[in-house]
Amino acid sequence: MIYSVTRLFFIVVVVVVPSVYAHIAFWHPSMWGFNVTDKDPAYSYDNRPVVPLARMTFNEWWFHNHLRYPPHPNDVFELPAGKAAVAELGCNKGATTWWNSSEGGDVRQGDWPCPRSTSVQFHTTGIDDVKGCALAIVYESDVSKIKPEDFTVFSVNQTCVWHRFTTFQVPADMPACPGGKCTCAWFWIHSPDSGSEQMYMNAFQCTVAGSKHDAPALMKPQVARRCGADPEHGITHPTPSNCTHGAKQPLYWLQDEGNNMFEDYMGPPFYNDLYDFKDGAQNDIFMTNTKNAVQSQKRDIYQPSRFSRFWGNELHASRETMIEGV
């Protein structure tokens, strides 16, 4: 019953919420799909980078279904180890530095990501309603070899997506990319208070600059677990013992295939303390921390958070059971 109710709620919200929401995307020439427009003949639907991802097949949401539009090999986003990388987020490419290749020209409005629009355009009622976004990395440049569980979240900005220029702190121990090139992605899930729920993913070529010669390797990333205080749902105190310590995968949620998160529609996962994603560089993702490495292996198999009202052990005996009900 919980599945049918969730699906019905999703359908109702999609119908009654206006389609004028501009949404938001990470913009840089290093991204897959940088020049995709709503008139692209390769798609039977609007697949611009700003379009949200919800109830999609794996091929539709993975890399935003932009693998056929890779960046130029020389367009690479630089991540300075131990320093800040500045990304540009916008409701339209015209709101960014690369406005000259957008359909509508220059519409920039300083640091505001959605020019001439309120924050409702990016599903946020105000600065107190933002839930954070993340950058993740895979030390592989051949995207045909990459799987969702390969991405490791290395930086989080908990005030995202309030600013066009969004700062991501890069861990000082980040190792160099093999051959000078890695694959990165930007991820975001917004608050349920302003518009229908979705997730966002924009992938891009990246490289780590200024790495130490003895930089440690990253741990195998594990599925994050809901463990922070959640007063909106009656959980007043955090439960650190339920956290996934160390390297964590991005939050893949609300799709028809490939989810690693199974939270209810009105209890989405976020890139903040609720899932132990601290603001800034994720310095616990490296093999130098033995405790983290041990905890990481313990979290290899998804288990519902026992302190979450959304998916309890009594409701689901396995991941397969969850998927069948969606």
Side-chain angles (χ1 to χ4, degrees), residues 23-31 34 49-50 71 75-99 108-115 117 119 121-124 126-138 151-177 182-191 199-212 215 218 224 247-248 250-251 270-286:
H23 312 299
I24 213 158
F26 168 100
W27 293 99
H28 191 268
S30 61
M31 66 189 286
F34 182 64
V50 298
D75 288 330
V76 182
F77 188 87
E78 186 173 281
L79 303 168
K83 300 179 182 179
V86 181
E88 287 196 47
L89 308 181
C91 292
N92 184 280
K93 194 196 299 186
T96 73
T97 297
W98 301 280
W99 60 267
R108 291 175 294 175
Q109 189 179 345
D111 193 36
W112 191 240
C114 288
S117 301
S119 64
Q121 291 293 91
F122 48 92
H123 301 287
T124 305
I127 186 65
D128 294 331
D129 192 43
V130 295
K131 298 300 182 180
C133 65
L135 295 186
I137 192 168
V138 182
F151 274 106
T152 299
V153 173
F154 67 89
S155 188
V156 167
N157 186 310
Q158 292 188 358
T159 59
C160 181
V161 295
W162 195 254
H163 302 280
R164 168 189 164 197
F165 296 104
T166 300
T167 299
F168 291 94
Q169 298 295 328
V170 181
D173 285 338
M174 289 287 280
C177 294
C182 293
T183 302
C184 288
W186 173 78
F187 294 92
W188 174 48
I189 297 174
H190 61 74
S191 164
M199 77 169 195
Y200 291 73
M201 175 186 187
N202 301 123
F204 55 99
Q205 293 181 146
C206 59
T207 190
V208 179
S211 295
K212 302 173 184 177
L218 274 62
K248 292 182 278 293
L251 307 170
F270 300 126
Y271 294 99
N272 59 22
D273 290 356
L274 187 60
Y275 284 78
D276 200 39
F277 287 109
K278 304 305 182 186
D279 194 29
Q282 307 300 291
N283 293 313
D284 61 350
I285 63 177
F286 304 101

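Distance alone, capped at 3.5 Å, is enough to place a donor-acceptor pair between the S211 side chain and the M174 backbone. Judged by distance alone, the side chain of N157 and the main-chain N or O of F168 form no donor-acceptor pair under 3.5 Å. Under a 3.5 Å cut-off, the side chain of N202 and the backbone N or O of W186 do not form any donor-acceptor pair. Using modelled atom types, one side-chain atom of W27 and one backbone atom of G90 make a donor-acceptor pair closer than 3.5 Å. Between the side chain of Q205 and the backbone N or O of D75, at least one donor-acceptor pair lies under 3.5 Å. A donor-acceptor pair under 3.5 Å is absent between the side-chain atoms of T207 and the main chain of E78, judged by distance alone. Of the possible donor and acceptor atoms, none in the side chain of K83 sits under 3.5 Å from a partner among the backbone N and O of G210. Of the possible polar contacts, one joining the W112 side chain to the S117 backbone as a donor-acceptor pair under 3.5 Å is found.
Ring geometry, Y200 versus W188: the interplanar angle falls from 30° to 60°, so the pair is classed tilted. Taking the six-membered ring where tryptophan is involved, the planes of Y271 and F277 are tilted, since the angle between them lies from 30° to 60°. Ring planes of F187 and F151: perpendicular class, angle over 60° (limits at 30 and 60°).
SG distance check for C182 and C177: under 2.5 Å.
Residue pairs meeting the salt bridge (Lys or Arg N to Asp or Glu O under 4.0 Å) criterion with at least one partner in residues 162-175, sequence neighbours excluded, are E88-R164, D173-K212.
Less than 6.0 angstrom separates the ring centroid of F77 from the ring centroid of H28.
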